Engineer: 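This structure is in structure tokens; I'll ask about it shortly.
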Amino acid sequence: MASSIFSDWTVWSDSPILDAISLKETLDGGQAFRWNALEAGAFEGRWNAHVVRIRPSVTCDHLEYAIPKTACPKASIDALNTYWATGIDYSALTDQLPWRSDPVIRTAIEAFPTLRILKQPFEECLFSFLCSSTKQVPQIKAIHEMVALRLGNELPDGSHALPTWSQIASGGEAPLRDAKLGYRARYINQCAQVIVERPGWLASVEQMPTADAREELLRLPGVGRKIADCVLLFGAGRLDAFPIDTWVQKILGQAYSLKDWNLNQLQQFAQIHFGQQAGYAQQFRFAAARAGKLRL
DNA sequence: GCACAGGTAGATT
DNA sequence: AATCTACCTGTG
């Protein structure tokens with residue numbers, strides 16, 4: 001076997017414990033778009049300047065990781081813990097969801113018992129979901145690779161990071177069009193121009209209370225309620241953010257008999273019935289719906 | 001050829 | 001305030 005640029009597999013002592021199906025759904029179910037499956041249940045992912053591999057241990061009671069030999073181990077493990085929000089007790093949160101009274105939630109948790117919400121870099125997450133409108137996961141992933149290759153810094157393994165907003169702004173719209181972003185290219189370029197004109201603004205948005213942060217994100221071209229809530233949920237740990245897309249709309253319509261409700265009414269319903277973990281509950285329903293576990 | 005895919009913004013009822 | 005429609009590209 002050829003020598004690898006990656007370190008040996010190492011125990012990730014603070015790792016979450018996930019079954020294989022929940023792990024795949026968490027990494028490749030539409031929250032993040034830069035994870036790829038390797039052999040033997042392992043995954044390789046990229047965010048900011050990090051390239052990380054993870055896999056279940058032989059005994060499946062923790063995860064192991066590997067990083068490029070040139071990477072700083074301490075920075076990498078800190079980044080992993082942040083990305084996975086390992087400080088949050090997801091098994092306790094799962095138990096707080098209304099599965100006892102809600103058969104949809106119960107079915108979804110049975111299918112993906114250890115599903116988690118990632119805490120991705122806020123600025124990258126905004127880019128990701130600007131790419132996502134009326135696109136399917138494989139296409140979104142392909143777009144990410146093309147944009148990274150054209151505009152992002154090279155990483156230790158020869159692949160590329162996603163570009164910073166500054167790099168996107170400098171590149172203009174053309175490379176985004178080349179990356180098959182279509183009409184989204186104009187929005188992304190406009191966002192980049194706005195963001196570089198206001199240094200520190202986007203970072204400050206991440207720190208705001210959820211409602212204020214959402215209001216700020218909605219000022220960006222191409223960012224509507226759904227994308228804003230995805231960025232808050234998957235990029236800022238706001239589990240109360242509740243993105244309503246075509247899937248969720250269908251689920252709420254069928255399973256909760258809310259067929260003729262409009263988006264605002266559905267938002268209200270979610271806030272009242274699913275509360276502080278509304279977004280987490282939504283991700284369970286979304287995963288179950290996509291897996292065909294719900295009658296829709 | 002044509003509808004549809006984890007939307008949004010602007011125009012038109 | 002609710003309902004069209006254009007906007008790109010890929011897939012079935």
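This one's a predicted model, so the numbers in the text were calculated from it and none came from an experiment.
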Engineer: May I ask you to verify if any side-chain N or O of A/N262 is less than 4.0 angstrom from the OP1 or OP2 atom of C/dA2?
Structural biologist: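 Yes, because at least one side-chain N or O of A/N262 sits under 4.0 Å from OP1 or OP2 of C/dA2.
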
Engineer: B/dA5 P sits how many Å from A/I227 CD1, rounded?
Structural biologist: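 For the pair A/I227 CD1 and B/dA5 P, the rounded distance is 16 Å.
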
Engineer: Under 4.0 Å between any heavy atoms, over every strand shown, what does A/V248 touch: base, sugar-phosphate, or nothing? Just pick one.
Structural biologist: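 No contact.
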
Engineer: Across all strands, who's sitting opposite C/dG10 as a Watson-Crick or G-U wobble pair, both distances under 3.5 Å?
Structural biologist: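 Checking every strand shown, C/dG10 finds its partner in B/dC4, with both distances under 3.5 Å.
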
Engineer: Expressed as a whole number of angstroms, how long is the span from A/L263:CG to C/dT3:C1'?
Structural biologist: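 Those two atoms, CG and C1', are 12 Å apart.
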
Engineer: Where the side chain of A/K180 is defined as all heavy atoms beyond and including C-beta, which of C/dA2, C/dG10, B/dG7 is the nearest nucleotide?
Structural biologist: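 From the listed options, C/dG10 comes nearest.
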
Engineer: Have a look at A/L220 and say if it touches a base, only the backbone sugar-phosphate, or nothing, with a 4.0 Å heavy-atom cut-off.
Structural biologist: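 Result for A/L220 = sugar-phosphate.
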
Engineer: Taking any heavy-atom pair under 4.0 Å as a contact, classify A/Q283: base, sugar-phosphate, or nothing.
Structural biologist: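 Base, at least one base atom sits under 4.0 Å.
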
Engineer: Regarding A/S4 and A/R53, do their side chains bring together a donor and an acceptor under 3.5 Å, going by distance alone?
Structural biologist: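 No, no side-chain donor-acceptor contact under 3.5 Å.
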
Engineer: Report the distance from atom CD of A/E173 to atom P of C/dT9, rounded to the nearest whole Å.
Structural biologist: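 Distance, rounded to whole Å: 11 Å.
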
Engineer: Between A/R238 and A/T210, does any side-chain donor sit less than 3.5 Å from a side-chain acceptor?
Structural biologist: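 There is such a pair between these side chains.
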
Engineer: Quick check: A/F274 with A/Y280 (ring centres under 6.0 Å apart)?
Structural biologist: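 A/Y280 vs A/F274: aromatic centres not under 6.0 Å.
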
Engineer: Could you check whether A/G224 gets within reach of a base, just the sugar-phosphate, or nothing at all, counting any heavy atom under 4.0 Å?
Structural biologist: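 Sugar-phosphate, no base atom in range.
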
Engineer: Tell me, with the steps shown, if A/D245 and A/Q249 meet side-chain hydrogen bond (donor to acceptor under 3.5 Å, both in side chains).
Structural biologist: CA-CA 6 Å; A/D245 54 50; A/Q249 198 165 5; over 6 Å; no

Engineer: Hey, does A/F129 reach any base, or is it just sugar-phosphate, or nothing, if we go heavy atoms under 4.0 Å?
Structural biologist: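 No contact.
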
Engineer: Let me know the distance between CD1 of A/I188 and P of B/dG7, rounded to the nearest Å.
Structural biologist: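 After rounding, the gap between these two atoms is 14 Å.
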
Engineer: On DNA chain B, check which nucleotide each of A/Q139 and A/Y187 is closest to and give me the residue with the more 5' one.
Structural biologist: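 Upstream on the strand: A/Q139.
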
Engineer: Could you give the CG-to-P distance, from A/D245 to B/dC4, as a whole number of Å?
Structural biologist: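 Taking CG of A/D245 and P of B/dC4, I get 17 Å after rounding.
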
Engineer: Taking the P atom of each, how far is B/dA11 from C/dC8, in whole Å?
Structural biologist: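 Comparing P positions in B/dA11 and C/dC8 gives a spacing of 16 Å.
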
Engineer: Which part of the nucleic acid, if any, lies within contact of A/K226, taking any heavy atom under 4.0 Å across all strands shown: a base, the sugar-phosphate backbone alone, or nothing?
Structural biologist: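 If one applies the 4.0 Å heavy-atom cut-off, A/K226 turns out to touch a base.
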
Engineer: Round to the nearest Å and state the distance from A/L181 atom CG to B/dA5 atom C1'.
Structural biologist: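 Answer to the nearest Å: 15 Å.
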
Engineer: Picking from B/dG7, C/dC8, B/dA5, which would you name as closest to the side chain of A/R177?
Structural biologist: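 In terms of side-chain proximity for A/R177, the closest of B/dG7, C/dC8, B/dA5 is C/dC8.
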
Engineer: Quickly work out the A/I140 CD1 to B/dG6 P distance and round it to whole Å.
Structural biologist: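 After rounding, the gap between these two atoms is 8 Å.
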
Engineer: For C/dC7, take OP1 and OP2 only and decide whether either is under 4.0 Å from a side-chain N or O of A/R184.
Structural biologist: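 Looking at the OP1 and OP2 atoms of C/dC7, neither is under 4.0 Å from any side-chain N or O of A/R184.
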
Engineer: Whole angstroms only, please: what is the CG-C1' distance between A/L130 and B/dT8?
Structural biologist: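 After rounding, the reported distance stands at 10 Å.
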
Engineer: Please check this pair: side chain of A/Y187 against backbone of A/L220, looking for a donor-acceptor N/O pair closer than 3.5 Å.
Structural biologist: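 The answer is no, because no donor-acceptor pair under 3.5 Å joins these two groups.
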
Engineer: Closer than 3.5 angstrom, by distance alone: can the side chain of A/R116 be matched with the main-chain N or O of A/W84 as a donor-acceptor pair?
Structural biologist: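 Checked: pair present.
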
Engineer: Flag as yes if A/Y183 stacks onto the base of C/dC7 (centroids under 5.5 Å, planes under 30°), otherwise no.
Structural biologist: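 Check passed, A/Y183 stacks on base of C/dC7.
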
Engineer: Taking the C1' atom of each, how far is C/dA2 from B/dG6, in whole Å?
Structural biologist: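 Their C1' atoms lie roughly 23 Å apart.
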
Engineer: With a 3.5 Å cut-off and just heavy-atom distances, do the side chain of A/K135 and the base of C/dT9 make a donor-acceptor pair?
Structural biologist: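 Yes, the side chain and the base share a sub-3.5 Å donor-acceptor pair.
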
